[in-house]
Amino acid sequence: MNNHDQLKLTDMNYDKDRPVAENPLKIEDLTFRDGHQSLFATRGRTEDMIPIAEMMDEVGFWAFETWGGATFDTMHRFLNEDPWERIRTLKRYIKKTPFSMLLRAQNLVGYRNYADDVAKAFVERACENGMDIFRTFDALNDFRNFETVVPVIKEHGKHFQGCICYSMTEPRMGGEVYNLDYYVSKAKDLEAMGADSVCIKDMAGLIAPYDAYQVVKALKAAVKVPIHLHSHFTSGMAPMSQLKAIEAGVDIVDTCMSPYAYRTSHPAIEPLVMTLLGTNRDTGFDIRHLAHINEILEREIMPKYRHLLDDSKVSIIDINVLLHQTPGGMLSNLVNQLREMDALDKIDAVYHELPRVRKELGQVPLVTPTSQIVGIQTVNNVLFDDENERYKMITDQVKDLVYGLYGKTAVPIDPEVQKKALKGYERGEEPITCRPAEVLEPELPKAQEEVKGLAVDMDDVLIYALYPVTGKRFLKWKYGKEEPPAEVRPRTLADVKAEEELVRKAKAGELVEKPKKEAPPKSDALRTFNVFVDGDYFEVGVDEVGGSPVLNYIQQMPTQTPLQMPAPMPAAPVAPAPAAAPAPAPEPPAAAAPEKAPAAAPTAAAEGKQMLAPMPGMIVRYEKEVGDEVSEGETVVVLEAMKMENALPAPVSGTIKEIGFSTGDSVAKNDVLCVIG
Ligand code: CO
């Protein structure tokens, strides 16, 4: 790193005098995946990657991360985009740079371990759709969870990058669990499994510069394959850690284009290019070319996403991460969850409870999905426990974790918590110790059967197998069997401009309320027309005044609700009106809906104990039907909140009288899920 003296850096001799580095640092760009996942909840759309794709291909990156992580979930759920199609589309524009994906090992791109048949099919389809590098990690660093996917990656001649999730229990590396020996032995395990490279996956930006130096030095000495460092800027340490890792000989690091960098994302590429310019690790990248790409991102792409950036704080670093050794994304999830439940004042209690829950659940690394599992259980404990009882509401995922369904935890799970969680657990009260997927029955045949007639190919089946509820809904959108809702449509630059114009006008005081005009009385000549504009329907009345037709009222019709005109008020009632005054709600005919509740008393609705949603979420399924008997504590409905499934128990024993929602419905806190009488 000492030949920078030779450089006379002016615009003119920038290229001419730039020596070729002996050992250029390789860079993986994360703009297309982790960048937007970190900064704006993975909402980046394929159409917004295309404008820079070919230029990015010219930079000389070692790889692009284009897929995996939360993309698969977000795309089909919120963007109405086929996740498989993204790989194929980007491949048409990016011909040279290999594609990398983040694979959650046996969790694939979901939040639980899938059966081996699904795991194999998924990796096979990812290979065939064009994925080149599989950055594979397991949230517990239990590499038995790699045993199914790695052979498929290898058979297809693809690059298996083995990850070690970087975790800590102390302010700096060390302590009883996550010390230097831990990382060295994990790296050796990965090399023995055939890893083509080893990645230190610091998903929370926890790695401190001098720890990064130590780890990379130790790993370089222990294994032969290239060492890769993935870190997040969140805490502010990542650029320093990157530099120390480079000094220790790291082979590959991860960056983003600067508009997608920093905050909870990654260090930017541009400062690194200048930092290494003329040294023996010079990237060789043309900074003017990068600047050109940035211009396009700033001008054409970022405005569409700016509203998704978290601008609640001025500071771009989160020192809470330094204080709690916890991923920033997980912290923001906790804050969101508390906010949705009107309990933001409990955040300090959550910070206090978090390390305790984590330790009781086996001191697991905090990464998807364990970060959610630990985080949501922590919130549940803070909200629902009292001084007499802890773990009053245990999520299904915690039960699975405690049972061993995610793998082996770093330290044993607290026996008390284990006993409580597994009481009545459907798979058994005795935890397993084998490779988790060994207890999972094949899932593919059932999935294929369930989407018969809807899924066209294996890619479709896998969308459903991974995400049954939202996956099926997406397939209906995809094949035109259901109209996608307006909120999944992309935001255009025109939308952004219109909004900015409104804001500008409001700030300039140019937005004035329209004075309400009294409608003139309607004449007998009034004619009404139905007018259809796109999806909207208006009833327009035309009344001729002074020889020319004048529009005198426009009534927008609420979708599917019949327009109810208020009954004309009698001018002056002579006699007191009889009891008919309040319009009675139309009573359903006695014989209506015989297929529903045939024998039950038709007027019993809403009598009994209401079971309320304890949190906002989505109905995964009801385990009971109207008319079923339930006993107190028995699961009635499974509610997905913050991606965790919560089995909600009956508050009382009785009969299900009424069910308020069905699978896939969103519910708000305190919505009536069912009535038990
Ligand atoms: Co990351």
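Order of listing sets the numbers, starting from 1, for every ligand and every atom in it. What you see is a predicted model, and the numbers here were worked out from it, not measured in a lab.
Looking at every heavy atom in both residues, Asn145 comes nearest to Gly407 through ND2-CA, 4.3 Å.
Salt-bridge annotation for Lys120 and Glu124: absent, with no side-chain N of the basic residue lying under 4.0 Å from a carboxylate O of the acidic one. Under a 4.0 Å N-O distance rule, the pair Arg144/Glu147 does not qualify as a salt bridge. Under 4.0 Å is where a charged nitrogen must lie from a carboxylate oxygen, and between Asp138 and Lys408 no such pair does.
The Co ion (ligand 1) lies at 2.8 Å or more from every N, O or S atom belonging to Asp254. The Co ion (ligand 1) does not have His266 among its coordinating residues (no N/O/S atom, backbone or side chain, under 2.8 Å).
Seen from the Co ion (ligand 1), atom NE2 on His232 and atom OD2 on Asp34 lie at an angle near 100° (rounded to 10 degrees).
His230 contributes atom NE2 as its closest N/O/S atom to the Co ion (ligand 1).
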